[in-house]
There are 2 protein chains.
Amino acid sequence: MSKIADVGRVVPSKRTPDQADVDLLVREIIGRVADKWTMLTLEVLDEHGRLRFTQIGRLIGGISQKMLTQTLREMERDGLLQRTVFPVVPPRVEYELTPSGKSLCAAFCEVWHWAERNHEAVAHARAAFESLAAGSTAEVAR
Amino acid sequence: MSKIADVGRVVPSKRTPDQADVDLLVREIIGRVADKWTMLTLEVLDEHGRLRFTQIGRLIGGISQKMLTQTLREMERDGLLQRTVFPVVPPRVEYELTPSGKSLCAAFCEVWHWAERNHEAVAHARAAFESLAAGSTAEVAR
DNA sequence: CCGGATCCCCTGAGATACTG
DNA sequence: CAGTATCTCAGGGGATCCGG
């Protein structure tokens, strides 16, 4: 948790107290949100709107039910999506992004566009890195 | 690792090959890039410019050397940063973002701003979720 | 039958110690 | 100082079972 307590009297004059706390919280949120499955789930739900459990899993692809359940639970807990249970005979559970979730997806959309623009560069960089691996590991400054 | 790559045998004739491949590659890049440590490393390097190994670790905070090494290697491999080795007596290795890495950071910057704007809402949603946990697990539709 | 909880196994992250 | 090697253990994936 916060090691802020052991700074003692470091603050000489005017430090905003919430500034540090906000920073930590933002760090923690980034750590939780910058997750592979969360981002993919966000994308799928943003693109298709309301979806059922298995639909999400199929659209994401390669996710286990366990991780899907866990990811959806955390996202629901963080207010990113709304979980709706229909009490019908074949169980029907639908997930839909909340405004908060949609805004996060919009923010992450930039990263998505980056990936679209740069996938070639990344593939090329990887190829170059592999071939360089045999030679020098990295650039060496004189 | 990536189960995305196991396309098996693709149909060579009919479908547009690059469209699907691009989609898979983008997916894979998102999966690799949407990583906690990658994002934090990106942020630190973008803010401070050139940094040495231990400096990065200290600025990120709470990362093991193993994960730092691994993260830096992958980012170097993907062309996000440049690794420079100075052959001096105390080893000196400096890391610096490439233009590609900087553009990714700029894209992810939106997510960072989202976290700043929404950390209160997230905290509130969590509190609400906890108190609702005792009652009904989720909203039940008609 | 769908959603998801549970069990088991194995990868992969964290901490520590050691080397160039 | 910048890693690598090794150990340990939590966390993720796969299969199976259960409740509605």
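In B:Glu120, the CD atom is not crowded: 12 or fewer heavy atoms of neighbouring residues, nucleotides or ligands sit closer than 6.0 Å.
Contact check, B:Tyr95 against D:dC1: no side-chain N or O comes under 4.0 Å of OP1 or OP2. Close to D:dT4, at under 4.0 Å from its OP1 or OP2, lies a side-chain N or O of B:Arg73.
Two residues are said to be in side-chain contact when any heavy atoms from C-beta on lie closer than 4.5 Å; A:Leu72 and A:Thr41 meet this criterion.
Contact check of residues 52-69 of chain B against DNA chain C (heavy atom, cut-off under 4.0 Å) returns B:Ser64, B:Gln65, B:Lys66, B:Met67. Within residues 37-51 of chain B, the residues approaching DNA chain C are B:Trp37, by heavy-atom distance under 4.0 Å.
Considering CZ of A:Arg73 and CZ of B:Phe129, their distance stands at 6.5 Å, rounded to 0.5 Å. To the nearest 0.5 Å, atoms CG (A:Asn118) and CD1 (B:Ile29) are separated by 8.0 Å. We find the OG1-CD1 distance between A:Thr71 and A:Ile56 to be 10.0 Å, quoted to the nearest 0.5 Å.
Residue B:Pro91 is in base contact, counting any heavy-atom pair closer than 4.0 Å across all strands shown.
Comparing A:Val88 and A:Gln70 against DNA chain D, the residue whose closest nucleotide sits nearer the 5' end is A:Gln70. Both B:Lys36 and A:Arg92 sit near DNA chain C, but only A:Arg92 has its closest nucleotide nearer the 5' end.
One interatomic measurement links the two molecules: CG of B:Leu72 to P of D:dC1, which rounds to 17 Å at whole-angstrom precision.
Sorted by first and then second residue, the salt bridge (Lys or Arg N to Asp or Glu O under 4.0 Å) pairs with a member in residues 85-114 of chain A read A:Arg50-A:Glu94, A:Arg50-A:Glu96, A:Arg92-A:Glu94; sequence neighbours excluded.
Each of A:Asp78, A:Leu80, A:Leu81 was compared with A:Ser100 under the side-chain contact (heavy atoms from CB on, under 4.5 Å) criterion, and only A:Leu80 meets it.
Remark: A:Arg27 does not engage B:Glu116 in a salt bridge, criterion side-chain N to carboxylate O under 4.0 Å.
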